[in-house]
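When a ligand or atom number is given, it counts from 1 through the structure's own listing order. Being a predicted model, the structure only gives us computed values, none of them experimental. Just so you know, these numbers use all the heavy atoms, side chains as well, and skip hydrogens, waters and symmetry mates.
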Amino acid sequence: MRVYNFSAGPAMLPIEALTVAQSELTDWKGSGMSVLEVSHRGKDFVACAAETEQLLREVLAVPDNYRVLFLQGGASGQFDAIPLNLTAAGDRVDFIKTGQWSAKAIKAAKAQGLEVSVIADQAASNYTDTPAADSLVVDPSAAYLHYTPNETIGGVEFGYVPAAGEVPLVADFSSTILSRPINVADYGLIYAGAQKNMGPSGLCVTIVRDDLLGRARPGTPSIWNYSEMAAADSMLNTPPTFGVYLLGLILKWVADLGGLPAMAERNRAKAEALYGFIDASGYYSNPVAADSRSWMNVPFLQANAELDKTFVAEAAAAGLTNLAGHRSVGGMRASIYNAMPAEGVQALIDFMTDFERRNG
Ligand SMILES: *Cc1c(COP(=O)(O)O)cnc(C)c1O
């Protein structure tokens, strides 16, 4: 029996894509081997990687002057790779701090000796909101402006794209990529670990504008060097082959459902249903400002926090798994990525209603 898995990541994946992977697992394309066992330099896998890239370009409408890189080391690896590739020693970089993931990206940039300017820090709200769009002042000499469109732990999502002028905008899209249409041309660089909305862990997708290539600092390790990776079609070394393959299946699923506009409609409806229920309830609450609520990660508290463990355990027994909040914040969190069907969100609301009736 499949459960409704509310994990923040690795997260629930579409059953349609998993079923195709299952059916092909022992004999992929008549090779008598699984995709896990073929050479990454063989023509079948090279074609598979090219097809995945092409699908990603179509689904996200990636302009021709951007390179798509299939990397490893997760989004965390990019926290280090981005400054290595986009700055010279002593450069200044601007950051917006909206929670724990942006804090980690800031820490990594500081560790490289950069002059880090945090142009907005939402500490005053305990990281439950995003800065006002017109409050942001970007230093025109900054090497880039980095922000985190969706803070996975706090459930805080930007409702707008920060205006960075000529300064390249760099965005950690790990937990919101493919959830709705975006205008890639607004960004200098987009990166995302796959394990939230795109597939298995071990694959990280970086989409970088051409003019930002060729600037890596001397001594940048080759596998972290965007130009070298781009020149080698992301195959300087063995790529995460299964992740690239599964991303292709998931992109087909997204395209079949109507692409990102359809995804946005599904995700908006799911989020509205869950936040609407929480707001109407006198028992559950969500601390995030209304204009900054994430469509993907919904943290919530119950009036009697002593029952959190009971809530999580009883939900799991009912087939609603991984609802414990992040260890740093407690409470509960429902991650409702693309693969979570509306039925799963409704099942959660029904469970929450019943739990409140019994315990509220
Ligand atoms: C999950 C996540 C990360 C970390 O990803 P790894 O692949 O584990 O390094 C970074 N940023 C955000 C926004 C995330 O959701």
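Atoms of ligand 1 found under 4.0 Å from any heavy atom of Gly74, numbered from 1 in the order shown, are 7 (O), 9 (O). Heavy-atom contacts of Thr152 reach the following atoms of ligand 1: 12 (C), 13 (C), 14 (C), 15 (O) (cutoff under 4.0 Å). Close approach of ligand 1 to Gln195 (heavy-atom distance below 4.0 Å) involves ligand atoms 5 (O), 6 (P), 7 (O), 8 (O). Within the listing of ligand 1, atoms 1 (C), 2 (C), 3 (C), 14 (C), 15 (O) sit less than 4.0 angstrom from a heavy atom of Lys196.
Side-chain polar atoms of Glu151 and Ser102 form a donor-acceptor pair below 3.5 angstrom.
Every N/O-N/O distance between Phe79 and ligand 1 stays at or above 3.5 Å.
Smallest separation of non-hydrogen atoms from Tyr283 and Phe355: OH-CE2, 4.2 Å. A pairwise comparison of heavy atoms in His146 and Asp172 identifies NE2-CB, 4.2 Å as the closest pair.
Side-chain contact between Leu274 and Met352 is present, with heavy atoms from C-beta onward closer than 4.5 Å.
Summary of contacts: the protein heavy atom closest to atom 9 (O) of ligand 1 is Ser76 OG, 2.6 Å. Among protein heavy atoms, atom 11 (N) of ligand 1 sits closest to Asp172 OD2, 2.6 Å.
In terms of modelled atom types and a separation under 3.5 Å, the side chain of Asn197 and the main chain of Ser175 share no donor-acceptor contact.
A salt bridge links Arg67 to Asp233: one of the charged nitrogens lies within less than 4.0 Å of a carboxylate oxygen.
Within the structure, ligand 1 has Asn150 among the residues with a heavy atom less than 4.0 angstrom away.
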